[in-house]
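Report on the structure given below.
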Amino acid sequence: MSGPMVKAEAVHKRFGHLEVLKGINLEVRAGEVMCLLGPSGSGKSTFLRCINHLEKINSGRLSVDGELVGYRQVGDKLHELRESEVARKRAGIGMVFQHFNLFPHMTALDNVTCAPVRVKKVPRADARARAQELLARVGLAEKAGAYPAQLSGGQQQRVAIARALAMEPKLMLFDEPTSALDPELVGDVLQAMQQLARDGMTMIVVTHEMGFAREVADTVVFMDGGVVLESGRPADVLGHPRHERTRSFLSKVL
Amino acid sequence: MPSGEVTDIEGRPEDIRAVPVRRPGRWIAAAIVLVLAVVVVHSVVSNPRFEWSVVGHYLFDERILEGLRVTLELTVIAMALGIALGVVMAIMRLSPNPLVSGGSWLYIWFFRGTPVLVQLIFWYNIAALYPKFNLGVPFGPAFVHANANTLIKSFTAAILGLGLNEGAYMAEIVRAGIISVDEGQTLAAQSLGLTRLQTMRRIVLPQAMRVIIPPTGNETISMLKTTSLVSVIAVGDLTYAAGNIYSLNFKTIQLLIVISGWYLLCTSVLYVGQYYLERYFARGAARELSPTAFQRMRAGWLSFGHHEGGI
């Protein structure tokens, strides 16, 4: 029996004097899909970035797959990890961004092969074959040679998902993956994510898509003002919210 | 037609045919430009004191061609040094370590703040300040000794003066390019496990090139002309070669025309090179690449016969 994939204990994060996370406690089991909901500015995206150490936490403990994020514990002392070690750990965690952040000077295929070739030193031919498979899996086999600017937002986001999957991550982080898309393009991206969830990927998804949260998530977490207000099965949190704040938020977005 | 549209035989909507607005001002301006051009050309051709035969005689003179070779060599080496220094200084300038970024700031401040001519003469006379160079541990033993006068000849002084000065300008250009790349690119690269160096080399710099290349082309063209300053420290460049000749035969204007022709030819070649470089680094930025000059010419010829009406 293995421990949780992600474990956060009293995680605090400040930007200057602004306290963005005020003690986050939560656990994500392997294979679980967790949706983070909440108004903007509630700290969801910041928390996501802390998980792969794009942001440093100020206090508390945050671990992925049993290992501390960004530090090594020796005795009761914490040692900061070297940059190369941080990079190696990030390689095992995929991230998908609101604005896709595809590399515009590379074709879709090169976007997907870049990290495996540069970071994992996979032979180029193998990486290309694998990338073709992944692009086919998100329904974009015939767009391998296209540059990001030649793709629609939904297609770009699916390439971004394939790019993250190419590193064979054990955990996928989605930061509002559909918020920048035209409404009619949202479906394709959600479908790709749903397929990924069905294949057993551990996923943390910051989203405003209540339908996706209800159907795909195992756990829904509602955050506000840097704390977790409530969490539980989607039917409970979305159907019978206990907190007044949750109720007023849901009534506005549903 | 039910919609009442005006269509031609094939059913396409017919193009509007209207009498164009008259623009007398444009015609007058064009006439003035034309007259001025004729006056200039006529005087250049008919004035015997231009002595075009002398220009033709010296155009491919051996000394001029040797000067041209030195000018091109100086331009290439000084620009290469300037670009390399510029990239290093730009990355240093963006370093979180205040000593590293401060060092870069000081470099840029000094070399941008003093005239390049002064720097050239300074390097030429460096032997007065440091007669001997020692390579070794600072304040410790030295392994290599060299005499400054033998090490820094005028060509080396020219390279140092032009290259170090260029480095300061290139640093600002490269820095602007790096800053112009969206921060999300760095986030995405880091989330994939690329190190900072890999992110800079593979992701940020290639995109920064789009912003870096046009001003760098400018700098190269400007460098080609700035090299003419090195004639004051006795480097045999194009301007120096011309000076040597006209100081003997007093055909000053003719020789200046000769070297101006060469400078113009070289800058024109650089223009073309810059165009193709920009096109190369624009890939991905535009949905379609702009056509090359040749493609445009071909398209122009092909569509020529298909124009309806025209001008």
Side-chain angles (χ1 to χ4, degrees), chain A residues 45 48-49 51-55 82-108 110-121 145-151 156 159-160 163-169 171-175 180, chain B residues 87 91-92 94-97 100-101 173-174 176-214 216 274-292:
Chain A
S45 295
L48 218 54
R49 285 170 184 209
I51 294 175
N52 63 359
H53 207 49
L54 288 175
E55 298 286 356
R82 277 199 308 270
E83 203 212 317
S84 58
E85 295 171 303
V86 172
R88 201 175 322 132
K89 290 202 170 176
R90 281 194 190 124
I93 303 172
M95 188 159 193
V96 174
F97 299 86
Q98 180 177 359
H99 296 289
F100 331 132
N101 298 0
L102 286 182
F103 306 134
H105 59 304
M106 298 181 186
T107 61
D110 290 338
N111 264 280
V112 181
T113 57
C114 175
V117 169
R118 303 280 167 216
V119 179
K120 281 186 154 182
K121 314 292 178 199
Y147 283 98
Q150 296 163 327
L151 300 173
Q156 287 190 55
V159 173
R163 177 175 72 173
L165 290 177
M167 292 299 280
E168 290 166 341
L171 168 66
M172 285 282 285
L173 309 173
F174 291 86
D175 189 1
Chain B
V87 172
I91 292 173
M92 280 174 65
L94 297 166
S95 159
N97 183 329
V100 174
S101 74
I173 291 172
V174 174
I178 291 175
I179 293 175
S180 77
V181 177
D182 178 31
E183 216 180 329
Q185 293 289 309
T186 306
L187 282 182
Q190 289 188 331
S191 79
L192 287 166
L194 270 72
T195 62
R196 267 209 309 204
L197 203 67
Q198 284 175 322
T199 305
M200 187 53 80
R201 170 127 189 267
R202 304 284 169 192
I203 308 300
V204 176
L205 278 181
Q207 295 181 58
M209 290 307 264
R210 237 163 45 77
V211 176
I212 292 174
I213 288 203
T216 304
Q274 180 181 350
Y275 176 81
Y276 279 94
L277 259 182
E278 277 179 29
R279 197 169 167 275
Y280 174 76
F281 281 104
R283 72 195 194 286
R287 270 159 203 267
E288 264 177 51
L289 288 175
S290 61
T292 65

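Throughout, protein chains are lettered first and strands after them, A, B, ... in sequence-line order, and every chain is numbered starting at 1. Everything numeric in this text was worked out from a predicted model, so none of it was measured.
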Are [X] and [Y] packed together at the side-chain level, in the sense that at least one heavy-atom pair is separated by less than 4.5 angstrom?
{"X": "A:Lys120", "Y": "A:Glu168", "answer": "yes"}
{"X": "B:Leu277", "Y": "B:Thr216", "answer": "no"}
{"X": "A:Met172", "Y": "A:Leu165", "answer": "yes"}
{"X": "B:Gln185", "Y": "A:Pro104", "answer": "yes"}
{"X": "A:Phe103", "Y": "B:Leu192", "answer": "yes"}

Against chain B, label [X] side chain, backbone, both or neither, depending on which of its atoms sit under 4.5 Å from a heavy atom there.
{"X": "A:Phe97", "value": "side chain"}
{"X": "A:Leu173", "value": "neither"}
{"X": "A:Leu54", "value": "side chain"}

| Between B:Gly184, B:Gly193, B:Ala189, the one whose heavy-atom pairs under 4.5 Å with chain A are most numerous |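 Winner by heavy-atom pair count: B:Gly193.
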| request: Please flag which part of B:Gln198 lies under 4.5 Å from any non-hydrogen atom of chain A: side chain, backbone, both or neither. | output: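 Contact with chain A involves the side chain of B:Gln198 alone.
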| task | Quick one: which of A:Lys89, A:Met95, A:Arg163 has the most heavy-atom pairs under 4.5 Å with chain B, could you say? | result |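 Most pairs with chain B among the choices: A:Arg163.
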| Option that, when pairs with chain B are counted at under 4.5 Å, heavy atom only, ranks first among A:Gly94, A:Cys114, A:Ala115 |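 Maximum pair count with chain B is reached by A:Ala115.
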| query | Strictly by modelled atom types, are B:Ser191 and A:Asn52 linked by a side-chain donor-acceptor pair under 3.5 Å? | reply |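 No - no donor-acceptor pair under 3.5 Å links their side chains.
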